[in-house]
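Being a predicted model, the structure only gives us computed values, none of them experimental. Order of appearance sets the numbers: ligands from 1, and atoms from 1 within every ligand.
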Amino acid sequence: MKLHIAVLPGDGIGPEVTSQAVKVLKAIAMEFGHIFTFEYGLIGGAAIKKSGTALPEETLSICKKADTILFGAIGEPKYNFDPDAKVRPEQGLLKLRKELDLFANIRPVIAYEDLLNHSPLKNKCIKDTDIIIYRELSAGIYYGDKTLSEDGQSASDVCQYNRFEIERIAHLAFKAAQSRQRKLTLVDKANVLASSRLWRKVIMEMAPQYPNVTLDFYYIDNAAMQLILNPRQFDVILTENMFGDILSEEASVIVGSIGLLASASLGPKYAMFEPIHGAYSKATDKGIANPIASILSATMLLDHFGLLDEASLIRKAIKKSLKLHITTPDLNTKYDNISTSKVGDFIEDFINHPEETNLNFKNIHLGQSTII
Ligand code: IPM
Ligand code: MG
């Protein structure tokens with residue numbers, strides 16, 4: 001298959017982790033006889049520095065011309081304490097999602113057996129967690145009207161949804177539930193918010209179209225508790241933009257590190273693949289950023305194009321890396337010298353020689369492999 005992939009590394013650790021994902025995609029192309037080409041674009045703080053805007057026209061057009069997009073991370077600390085900044089890095093990502101109509105952000109949360117001890121939560125509670133969060137990504141409070149009064153003493157953000165915006169992601173979530181454990185949980189705040197009541201009404205009206213899906217409803221405050229109290233009760237979670245942002249970050253505690261969670265952002269025409277983590281600027285260029293979320297995002301990209309064997313080989317390589325403690329310091333209690341690029345090298349190596357890597361198992365453990 002020929003795929004032209006727009007790559008937007010972004011800020012902070014974005015470039016480091018994205019380059020590992022590109023490395024892995026190149027290994028897959030080589031191994032399976034595909035032609036993957038990559039075209040890079042600026043976004044976020046990096047783009048502001050160069051052009052004064054967080055999403056330059058050129059970047060948007062690179063994305064629109066490409067078959068798909070791999071995104072890194074966005075954000076710069078200097079904006080964190082500058083509430084008056086006229087442009088902000090995050091605007092680049094938000095505008096891109098809107099321009100490409102990426103309305104469904106799909107975030108899988110899977111507890112790996114080999115990482116159960118890395119979660120601060122009890123093993124018995126998180127074991128076998130397998131959730132998929134459908135986060136609405138193109139509307140809600142992120143995109144509603146924003147105001148700041150002239151005297152700067154009052155501000156507002158409107159959370160607005162219409163039926164169409166709810167229905168289109170809900171259909172995807174219902175279908176996902178049908179192909180999984182057939183359970184869908186809508187997370188909202190319908191006891192307080194009018195927009196949540198519309199979500200509830202629309203979902204209840206849609207439910208008869210999916211009679212084999214068990215539907216339940218949680219308020220966001222309760223869901224936040226239930227998610228870490230008993231995550232196995234969830235199969236597919238459907239929720240609006242901001243609740244999905246918060247819940248998915250909370251869910252990373254189950255998995256052991258936010259550096260493990262990937263996502264697919266889908267729309268009618270375009271698809272973008274992005275880790276759920278931010279720019280983690282403190283870690284930039286230190287070689288400590290976990291590249292797995294980015295590599296898993298690339299894996300979701302392959303799934304999206306039906307390259308299932310390719311995707312499953314990468315997942316196998318990731319599982320092996322976790323088993324062998326070939327992980328960055330956020331997950332490693334055994335070795336302290338495994339860098340971002342070494343994790344990428346291991347996965348690349350596994351793709352190139354799956355059998356051999358199995359055989360070298362012992363050497364890798366002892367740190368004798370050439371890749372460590
Ligand atoms: C995410 C991020 C973004 C979001 C930020 C960087 C704008 O937190 O993708 O989860 O809030 O959507
Ligand atoms: Mg987030």
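Residue Phe103 is grouped with residue Ile237 when hydrophobic side chains (ILVMFWY) are merged at heavy-atom distances under 4.5 angstrom, including chains of intermediate members.
Taking every heavy atom of Arg135 and a limit of under 4.0 angstrom, the matching atoms of ligand 1 come to 1 (C), 4 (C), 9 (O), 10 (O), 11 (O), 12 (O). Applying the 4.0 Å criterion to heavy atoms of Ile74 picks out, from ligand 1, the atoms 6 (C).
At a heavy-atom distance under 4.0 Å, no atom of Met242 approaches ligand 1.
In terms of protein heavy-atom proximity, atom 8 (O) of ligand 1 is nearest to Asp245 OD1, 3.3 Å. Of the protein's non-hydrogen atoms, the one nearest atom 4 (C) of ligand 1 is Tyr142 OH, 3.5 Å.
Ring-centre distance between His304 and Phe273: below the 6.0 Å cut-off. Ring centers of Tyr218 and Phe234: under 6.0 Å apart, within the cut-off.
Below 3.5 Å of separation, one finds an N or O of Arg107 facing an N or O of ligand 1. Of the N or O atoms in Glu274, none lie within a sub-3.5 Å distance of an N or O in ligand 1.
A salt bridge links Glu76 to Lys49: at least one charged side-chain nitrogen sits closer than 4.0 Å to a carboxylate oxygen.
Donor-acceptor pairing under 3.5 Å is recorded for the side chains of His34 and Glu310.
In summary, Asp245 places an N/O/S atom under 2.8 Å from the Mg ion (ligand 2), meeting the contact criterion.
To the nearest 0.5 Å, atom OG of residue Ser341 and atom CG of residue Asp345 are 5.5 Å apart. Here the OH-CG distance, from Tyr142 to Leu94, works out to 7.0 Å after rounding to the nearest 0.5 Å.
Distances from atom 12 (O) of ligand 1 to the heavy atoms of Arg97, Glu90, Arg88, Gln91 show the closest one on Arg97.
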